[in-house]
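Heads up, the thing below is written out as structure tokens.
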Amino acid sequence: LLTDPISLCGATVANYFSLPFIFFMRGFPCGLHYTAAQCPNPLSYVPRLFTFNSDHMTFFQRVENALVALLELGYCNGFYAKAIKFSSEVLQRDVSLLDLLNSASIWLLRFDYVFEYVRPVMPNMIFVGGINCVEKK
């Protein structure tokens with residue numbers, strides 16, 4: 001099943017029918033695509049989105065990075081609260097956001113590895129860059 005993880009409907013259907021599924025996405029703003037795939041994502045090394053830090057951070061930038069990571073977890077759980085409740089009702093068991101996301105077989109990521117921050121990724125994460133690369137007019 002090829003699905004987009006933003007709505008979680010595809011992940012719920014795939015879990016209900018025990019089907020393998022593939023996420024085709026640009027990425028979560030809260031970095032869940034790395035957390036769910038169990039990629040190393042240390043707070044002291046990987047800058048969070050919207051912090052505009054580099055990989056050479058001062059102590060205070062690392063503290064800021066850790067605080068932003070905590071906020072990301074909160075707003076992602078709040079954004080997906082209704083979808084998690086719906087998935088729990090359909091699957092007839094308590095599920096978390098990571099339960100639904102980490103059961104994906106393959107992650108097709110719609111960005112180019114060259115333009116992103118360098119980090120280790122899992123073997124089931126495939127970069128398909130160049131899909132949304134249209135020249136501005």
Could you tell me if the side chain of [Y] sits less than 4.5 Å from the side chain of [X], heavy atoms only?
| X | Y | answer |
| --- | --- | --- |
| Met25 | Leu109 | yes |
| Met125 | Cys39 | yes |
| Ile106 | Phe24 | no |
| Phe79 | Leu97 | no |
| Phe23 | Thr3 | yes |
| Ile22 | Leu1 | no |
| Leu100 | Leu91 | yes |

Inset, instruction - Report the residues that fulfil side-chain hydrogen bond (donor to acceptor under 3.5 Å, both in side chains) with Asp99, sequence neighbours left out, ordered by chain and then residue number. - result: Ser96

Legend entry - Partner residues of Thr12 under the side-chain hydrogen bond (donor to acceptor under 3.5 Å, both in side chains) criterion, sequence neighbours left out: Ser87

Legend entry - Partners passing side chain to side chain contact (heavy atoms under 4.5 Å, CB included) against Asn102 (at least two apart in sequence or in another chain): Ala36

Measure the [atom1]-[atom2] distance between [X] and [Y] for me, rounded to the nearest 0.5 Å.
| X | Y | atom1 | atom2 | answer |
| --- | --- | --- | --- | --- |
| Arg62 | Thr51 | CZ | OG1 | 12.0 Å |
| Leu98 | Ile84 | CG | CD1 | 8.5 Å |
| Ile126 | Trp107 | CD1 | CH2 | 12.5 Å |
| Tyr16 | Gln92 | OH | CD | 7.0 Å |
| Gln38 | Asn124 | CD | CG | 9.5 Å |
| Glu72 | Leu67 | CD | CG | 11.5 Å |

Inset, instruction - Return yes when atom CD of Glu89 has more than 12 non-hydrogen atoms of other residues, nucleotides or ligands closer than 6.0 Å, and no otherwise. - result: yes

Give me the atom names and distance for the closest heavy-atom approach of [X] to [Y].
| X | Y | answer |
| --- | --- | --- |
| Gln61 | His56 | OE1-O, 4.0 Å |
| Ala83 | Ser7 | CB-O, 4.3 Å |
| Pro5 | Tyr80 | O-OH, 3.7 Å |

Please answer: with hydrophobic residues joined when any side-chain heavy atoms are less than 4.5 Å apart, are [X] and [Y] in the same cluster?
| X | Y | result |
| --- | --- | --- |
| Leu71 | Met57 | no |
| Phe17 | Leu8 | yes |
| Tyr75 | Val68 | no |

